[in-house]
Amino acid sequence: MSIDLPIQVSYLVVAALFILGLKAMSSPVTARKGILWAGIGMVIATLVTFATPGLHNFGWMIGALVIGAAIAAWLGKTVKMTDMPQMVAIYNGMGGGAAAAIAALEFVRYAAKGETLGSAETILALLGSLIGSVAFSGSIVAFLKLQGIMKKAHRLPAQNFFVVFFTLATVALGVWIAMGAGLDGWTLLGFYGLSLLLGVVLTTPIGGADMPVVISLLNAFTGLAVGLEGFVLKNPALIIAGIVVGASGTLLTQLMARAMNRKIGGIIFTPITGEAQAGAAIQGTMKEASAIDVASMMRYAEKVVIIPGYGMAVAGAQHKVWELTKLLQEAGVTVKFAIHPVAGRMPGHMNVLLAEAGVPYDLIFDLEEINEEFGQTDVALVIGANDVVNPSARTDKSSPIYGMPILNADHAHNVIVNKRGKGAGYSGIENALFFGENTRMLYGSAQSAIAEVIAGVKTML
Amino acid sequence: MTDFIYIYVFMLAAFTGYEVISRVPVILHTPLMSGSNFVHGVVLVGAMVALGAADPNDPLQLGIGVVAVFLGAANAAGGFVVTERMLAMFKPGKKKEGTK
């Protein structure tokens with residue numbers, strides 16, 4: 001499969017555009033230019049590929065391309081901002097699936113001609129298939145969890161044993177195939193089946209709080225799978241883009257895990273679950289406050305820090321929260337937003353959601369910037385956040401989130417927690433903050449609760 | 001030697017990927033993940049080449065190839081739209097504090 005010089009040159013330009021695009025995307029000033037460059041690269045790559053000599057089946061190709069792109073683009077345009085993380089997961093899974101399918105097609109194609117791929121190509125194709133399949137089925141599980149279709153983290157008995165078992169079984173079958181032991185349909189089918197199952201077994205027990213790290217890891221997997229299939233097809237655009245994403249995705253996964261004080265190995269082998277480790281029992285009772293109490297506490301405070309979490313975003317309350325902020329500012333109250341690195345579903349997700357509601361960047365502070373200030377804060381308002389303000393992470397060694405950096409909301413003079421009901425949160429861990437002496441609970445969905453507080457504040461202006 | 005050159009490509013691409021995002025602020029983690037998700041959508045190109053070489057009279061080959069192109073195209077198009085929507089929030093002209 002030799003490629004013409006003009007196509008080679010185009011792929012070279014494409015590779016440069018991808019790398020420069022990613023570079024630009026890692027700074028907020030140039031980020032929008034970055035995605036544009038990468039987009040231009042993708043269009044060039046797709047167009048010149050049509051000119052590859054010896055290709056046929058153009059009808060099928062254009063049909064599948066147009067339908068796939070149209071559906072995905074339409075879904076991507078219409079989905080709510082809060083649902084973005086699972087969209088990233090599902091598109092990533094599709095990429096992994098495509099990489100696995102490319103290898104499958106190569107195997108079938110060579111077998112039909114009565115030939116076999118070279119041994120290096122076979123090994124790379126199998127490795128790419130394994131990684132791509134894991135990314136595919138793992139991403140689907142991640143999507144189902146974030147979408148709320150799959151609610152709980154299921155653990156197999158002897159979970160770690162099964163992970164190791166499936167990994168070894170898949171690799172053993174792969175080695176057997178690579179040694180030339182029959183590339184027949186059933187062996188291949190078994191190999192792909194095991195690989196897909198491995199992806200499910202790996203991701204099913206992982207709790208919601210760890211999902212961003214897992215999606216990022218699967219993203220790196222897909223990149224690697226694409227790169228490996230690039231070697232099989234001898235296509236430089238695939239090789240460079242795939243390996244660059246594989247490497248940058250690995251680094252990004254490490255950065256995210258570090259922000260959560262978690263180890264990647266620890267996430268995969270001993271996931272956070274409420275029942276696995278209960279943490280110390282919490283003494284005390286939760287005390288309720290009415291919206292009007294909350295309104296007066298905030299109206300006559302000097303300094304308020306708002307800690308938004310995913311619960312706020314799901315309720316679509318960020319616009320209401322911004323309205324409340326503006327009212328308080330008019331009344332002379334200093335209002336700041338404190339964002340935990342993993343607020344929302346992914347690092348940076350909450351910043352995007354607040355920006356969408358119109359909250360200016362200079363009111364938003366991250367963990368290191370604001371944690372010292374809670375001591376001089378009159379009211380800390382926690383809206384739909386839970387684990388990121390759980391003081392057990394500092395004190396209770398038996399807590400599953402011990403050691404995770406948290407926002408020190410409990411140091412504020414008063415803490416108000418808005419929550420839908422009394423239960424434990426997303427990760428199932430009890431929160432000592434809710435039982436604190438200076439904590440009042442404001443029950444109700446964020447949207448209506450904040451609307452009531454706004455109404456209360458308006459009567460006091 | 002020609003095959004060995006691929007190992008160099010692999011190594012250099014891996015270093016490049018690591019270097020290119022080494023100083024990214026937390027606020028860009030999600031958009032950047034989404035952006036790199038888009039970039040590996042180039043798998044579409046591989047799927048096109050593979051489908052283009054498939055035997056038009058073999059429904060199995062055609063089927064796998066069509067699935068590959070469909071998935072690759074969805075990865076690329078969806079990845080682009082989602083990333084673009086996230087990054088549209090970073091409009092120039094707004095204050096850039098707090099983006100460390």
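Every value quoted in this text rests on a predicted model; they were computed, and no experiment measured them. Protein chains get the first letters and strands the later ones, always in sequence-line order, with residue 1 at the start of each.
Proximity to chain B (any heavy atom under 4.5 Å) is restricted, for A:Ile71, to the side chain, taken from C-beta onward. Residue contact with chain A, scored on non-hydrogen atoms closer than 4.5 Å, involves the side chain of B:Leu60 exclusively. Using a 4.5 Å cut-off between heavy atoms, A:Thr30 makes no contact with chain B at all. Using a 4.5 Å cut-off between heavy atoms, A:Thr46 touches chain B through backbone and side chain atoms alike. Residue B:Leu12: no heavy atom, backbone or side chain, is found under 4.5 Å from chain A. Of the atoms belonging to A:Val48, not a single heavy atom falls under 4.5 Å from chain B.
With hydrogens and angles disregarded, a donor-acceptor distance shorter than 3.5 Å links the side chain of B:Arg85 to the backbone of A:Lys77. Checking side-chain atoms of A:Tyr91 against main-chain N and O of B:Val82 turns up no donor-acceptor pair under 3.5 Å. Under the 3.5 Å distance criterion, the side-chain polar atoms of A:Ser216 are left unmatched by any main-chain donor or acceptor of A:Pro212. A distance-only check finds no donor-acceptor pair linking the side chain of A:Asn57 to the backbone of A:Trp60 [under 3.5 Å]. The closest donor-acceptor contact from the side chain of A:Glu369 to the backbone of A:Asp366 lies under 3.5 Å. A donor-acceptor pair under 3.5 Å is absent between the side-chain atoms of B:Gln61 and the main chain of B:Ala54, judged by distance alone.
Side-chain contact, A:Thr49 with A:Tyr11: a donor N or O sits under 3.5 Å from an acceptor N or O.
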Just distance, no hydrogens or angles: give the donor-acceptor pairs under 3.5 Å from side chains in residues 39-49 of chain B, sequence neighbours left out.
{"unit_1": "B:His40", "atom_1": "ND1", "unit_2": "B:Asn37", "atom_2": "O", "d": "3.3"}
{"unit_1": "B:His40", "atom_1": "ND1", "unit_2": "B:Asn75", "atom_2": "OD1", "d": "3.0"}
{"unit_1": "B:His40", "atom_1": "NE2", "unit_2": "A:Asn92", "atom_2": "OD1", "d": "3.0"}
{"unit_1": "B:His40", "atom_1": "NE2", "unit_2": "A:Asn219", "atom_2": "OD1", "d": "2.9"}
{"unit_1": "B:His40", "atom_1": "NE2", "unit_2": "B:Asn37", "atom_2": "OD1", "d": "3.3"}

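With chain B as the partner, the residue from A:Ile19, A:Leu36, A:Val245 showing the most heavy-atom pairs under 4.5 Å is A:Val245. Most heavy-atom pairs under 4.5 Å with chain B, from the set A:Ser27, A:Gly63, A:Gly242, A:Gly76: that is A:Gly76. Between chain A and the residues B:Ile21, B:Thr83, B:Val9, B:Ile64, the most heavy-atom pairs under 4.5 angstrom are made by B:Ile21. Contact count versus chain A (heavy atoms, under 4.5 Å) is highest, among B:Ala68, B:Gly35, B:Gly17, for B:Gly17. The candidate from A:Ala237, A:Ala104, A:Ala120, A:Ala72 with the greatest count of non-hydrogen atom pairs under 4.5 Å with chain B is A:Ala72. Per-residue counts of heavy-atom pairs under 4.5 Å with chain A were compared for B:Ala50, B:Ala77, B:Ser36; the largest is that of B:Ser36. When each of A:Leu65, A:Leu363, A:Ile240 is checked for heavy-atom pairs under 4.5 Å with chain B, A:Leu65 comes out on top. With chain B as the partner, the residue from A:Val226, A:Leu20, A:Val79, A:Ile35 showing the most heavy-atom pairs under 4.5 Å is A:Ile35. Here A:Leu252 is the residue among A:Val108, A:Ile339, A:Leu252 with the most heavy-atom pairs under 4.5 Å with chain B.
In this structure, the side-chain contact (heavy atoms from CB on, under 4.5 Å) partners of A:Glu121, at least two apart in sequence or on a different chain, are A:Leu117, A:Lys234.
Between A:Phe231 and B:Tyr6, the ring-plane angle classifies as perpendicular under the 30° and 60° cut-offs.
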